There are 2 protein chains.
Amino acid sequence: MNVEKALQKLKEKGYKRTKQRERILDIFVKQDQYIAAKEILREIQTDFPGVSYDTIYRNLYMLTDVDILEATELGGEKHFRLGCETHGHHHHFICTECGKTKSIEFCPMENLNESLSGYDVENHKFEIYGKCPQCN
Amino acid sequence: MNVEKALQKLKEKGYKRTKQRERILDIFVKQDQYIAAKEILREIQTDFPGVSYDTIYRNLYMLTDVDILEATELGGEKHFRLGCETHGHHHHFICTECGKTKSIEFCPMENLNESLSGYDVENHKFEIYGKCPQCN
DNA sequence: ACTTTAATTCGTAATCATTCTTATTTTGAG
DNA sequence: CTCAAAATAAGAATGATTACGAATTAAAGT
């Protein structure tokens with residue numbers, strides 16, 4: 001996924017192209033890791049000193065909504081990363097030091113259909129935390 | 001796990017017995033589900049109108065520390081429940097309606113040791129969300 | 001290019017969970 | 001009973017997130 005492709009997708013959905021949005025997308029395309037809202041803000045302020053949290057959050061949630069970003073909660077803060085489109089459903093190892101991730105091409109839900117009969121499964125979360133080889 | 005057993009465990013670790021602590025434990029023993037700090041506060045205030053959040057959090061964290069409670073983050077809020085001592089490491093289905101849980105006696109980490117060589121795994125989270133048979 | 005209109009952003013205030021601080025109270029050992 | 005350590009109360013502080021009115025801007029049509 002690159003910035004232009006993402007903006008194209010947004011256009012199809014009726015969202016406008018703004019400098020701030022381009023910049024936000026740019027950050028995610030360049031960094032393959034989970035990023036907190038405040039880091040996005042800090043990064044963007046170098047170009048747009050006036051951006052507000054409202055703009056950051058509104059865009060992050062919107063981008064997550066249209067499946068350009070993925071969101072997760074790390075240590076009480078929401079973090080976002082570019083969605084992986086190369087493969088289907090999967091999970092992540094997440095480095096608690098640098099935020100970089102490694103895809104885990106395995107979903108534990110495959111193993112336990114029968115043990116949840118009677119339950120309406122809506123969602124699940126499987127994340128592995130630790131230090132990546134670089135940070136270790 | 002019952003209240004007396006828990007208090008006994010605390011005594012062994014050098015923690016004192018207080019009315020507030022008894023009451024907190026009581027709530028967890030009676031409710032087999034994840035509970036947010038504010039719900040604990042509300043419940044306790046019927047008996048101790050003056051309890052502060054400080055007391056709640058201090059105790060919840062302490063009880064988690066000594067493995068009497070388990071903690072997880074649900075929707076940006078920390079939630080706690082009585083630890084399941086009848087079995088070892090396991091995971092949970094969590095009802096998003098009532099907070100009740102069902103133990104999942106299966107850990108996905110067993111399946112992927114080799115794919116994470118070079119990574120220092122510190123922790124993991126596997127939770128299934130949905131509606132339990134009663135709420136469904 | 002100009003106008004219109006709705007989307008978007010800015011600036012700031014409000015909210016909510018959690019943590020911190022200080023003074024006071026309680027517990028349990030001796 | 002006395003005392004020191006532990007625990008609590010009360011409220012302020014913090015930090016992430018959300019909300020909102022006013023101002024700006026993108027883009028679609030004229």
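So you know, we letter chains A, B, ... as the sequences are listed, proteins then strands, and number each from 1. The basis for the numbers below is simple: all heavy atoms, side chains too, and nothing from hydrogens, waters or symmetry mates. Keep in mind it's a predicted model, so treat the numbers as computed, not measured.
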Please report the shortest heavy-atom distance between [X] and [Y], naming the atom on each side.
X: Cys95(B); Y: Cys132(B); result: SG-N, 3.4 Å
X: Pro108(A); Y: Phe126(A); result: CD-CD2, 3.5 Å
X: Glu70(B); Y: Leu82(B); result: OE2-O, 4.4 Å
X: Ile68(A); Y: Lys9(A); result: CG1-CD, 4.0 Å
X: Ile94(B); Y: Gly99(B); result: CG2-O, 4.3 Å
X: Met109(A); Y: Val121(A); result: CE-CG1, 3.8 Å

Under a 4.0 Å heavy-atom cut-off, which of residues 2-15 of chain A touch DNA chain C?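 By residue number: Tyr15(A).
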What residues from residues 64-82 of chain A pass a heavy-atom cutoff of under 4.0 Å to DNA chain C?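 Those residues whose heavy atoms fall under 4.0 Å from DNA chain C, taken from residues 64-82 of chain A, amount to none.
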Quick one: salt bridge (charged side-chain N to carboxylate O under 4.0 Å, His left out) partners of Asp120(A), sequence neighbours excluded?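 Asp120(A) satisfies salt bridge (charged side-chain N to carboxylate O under 4.0 Å, His left out) with no residue once adjacent residues are dropped.
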Side-chain atoms of residues 33-46 of chain B: list all donor-acceptor pairs with protein atoms under 3.5 Å, sequence neighbours left out, distances to 0.1 Å.
from     : atom 1 : to       : atom 2 : distance (Å)
Lys38(B) : NZ     : Glu77(B) : OE1    : 3.4
Lys38(B) : NZ     : Glu77(B) : OE2    : 3.1
Thr46(B) : OG1    : Glu43(B) : O      : 2.8

Rounded to whole Å, how long is the line connecting atom [atom1] of [X] with atom [atom2] of [N]?
X: Met62(B); N: dT19(C); atom1: CE; atom2: C1'; result: 17 Å
X: Asn59(B); N: dT18(C); atom1: CG; atom2: P; result: 15 Å
X: Tyr57(A); N: dA19(D); atom1: OH; atom2: P; result: 12 Å
X: Arg58(A); N: dC20(D); atom1: CZ; atom2: P; result: 14 Å
X: Phe48(B); N: dT25(C); atom1: CZ; atom2: P; result: 17 Å
X: Leu41(A); N: dG11(C); atom1: CG; atom2: P; result: 12 Å
X: Arg42(A); N: dG15(D); atom1: CZ; atom2: P; result: 14 Å

Scan nucleotides 1-3 of chain C against the protein and return all N/O pairs shorter than 3.5 Å with their distances rounded to 0.1 Å.
none

Assess whether side chain to side chain donor-acceptor pair (under 3.5 Å) is satisfied between Tyr57(A) and Lys78(A), documenting all intermediate values. CA-CA 10 Å; Tyr57(A) 280 108; Lys78(A) 278 161 195 136; over 6 Å; no
Which pairs, protein N/O on one side and nucleotides 1-5 of chain D N/O on the other, fall under 3.5 Å?
from   : atom 1 : to       : atom 2 : distance (Å)
dA5(D) : N3     : Lys16(B) : NZ     : 3.1

With distance as the sole test, does [X] use its side chain to make a donor-acceptor pair with the main-chain N or O of [Y] at under 3.5 Å?
X: Glu73(A); Y: Gly75(B); answer: no
X: Ser52(A); Y: Asp54(A); answer: yes
X: Arg21(B); Y: Lys16(B); answer: yes
X: Thr55(B); Y: Val51(B); answer: no

Which pairs, with at least one residue in residues 126-136 of chain A and sequence neighbours excluded, count as a side-chain hydrogen bond (donor to acceptor under 3.5 Å, both in side chains)?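 The answer is Thr72(A)-Glu127(A), Thr96(A)-Lys131(A), Glu127(A)-Tyr129(A), Lys131(A)-Glu122(B).
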Would a single hydrophobic cluster contain both Phe80(A) and Val3(A), if residues Ile, Leu, Val, Met, Phe, Trp and Tyr are joined by side-chain heavy-atom contacts under 4.5 Å?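 Yes; tracing contacts between hydrophobic side chains, which count when under 4.5 Å, links both residues.
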Among all residues two or more places apart in sequence or in another chain, which pass the side-chain hydrogen bond (donor to acceptor under 3.5 Å, both in side chains) test with Asp26(A)?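 Checked Asp26(A) against side-chain hydrogen bond (donor to acceptor under 3.5 Å, both in side chains); matches are Lys30(A).
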Sequence neighbours excluded, which residues qualify as side-chain hydrogen bond (donor to acceptor under 3.5 Å, both in side chains) partners of His124(A)?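 Listed in chain order: His89(A), His91(A).
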Estimate the overall bend of the helix from dA1(C)-dT30(D) to dG30(C)-dC1(D) from the end axes over five pairs each, rounded to 10 degrees.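 The end axes of the helix from dA1(C)-dT30(D) to dG30(C)-dC1(D) are about 30° apart, to the nearest 10°.
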Side-chain donor-acceptor pair under 3.5 Å between Glu4(A) and Gln8(A), yes or no?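 On atom types as modelled, these side chains do not qualify, holding no pair under 3.5 Å.
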Going by number, which of residues 17-38 of chain B have a non-hydrogen atom under 4.0 Å from DNA chain D?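 Of all residues in residues 17-38 of chain B, the ones placing a heavy atom under 4.0 Å from DNA chain D are Thr18(B), Gln20(B), Arg21(B).
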Could you walk me through whether Asp32(B) and Arg81(B) pass the salt bridge (Lys or Arg N to Asp or Glu O under 4.0 Å) check? CA-CA 7 Å; Asp32(B) 187 26; Arg81(B) 54 163 285 147; 3.1 Å; yes
Quick one: label Tyr61(B) by what it contacts on the DNA or RNA (base, sugar-phosphate, nothing), any heavy atom closer than 4.0 Å.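 Answer is sugar-phosphate: Tyr61(B) comes under 4.0 Å of backbone atoms only.
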So if I apply the side chain to side chain contact (heavy atoms under 4.5 Å, CB included) rule between Tyr15(A) and each of Leu10(A), Leu63(A), Leu7(A), Asn59(A), which one comes out positive?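 Answer to the side chain to side chain contact (heavy atoms under 4.5 Å, CB included) test with Tyr15(A) among Leu10(A), Leu63(A), Leu7(A), Asn59(A): Leu10(A).
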Working to the nearest 0.5 Å, report the span between NZ of Lys125(A) and CG of Asn123(A).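 Reported value, rounded in 0.5 Å steps: 10.0 Å.
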Under 3.5 Å, N/O pairs linking protein and nucleotides 12-15 of chain C:
none

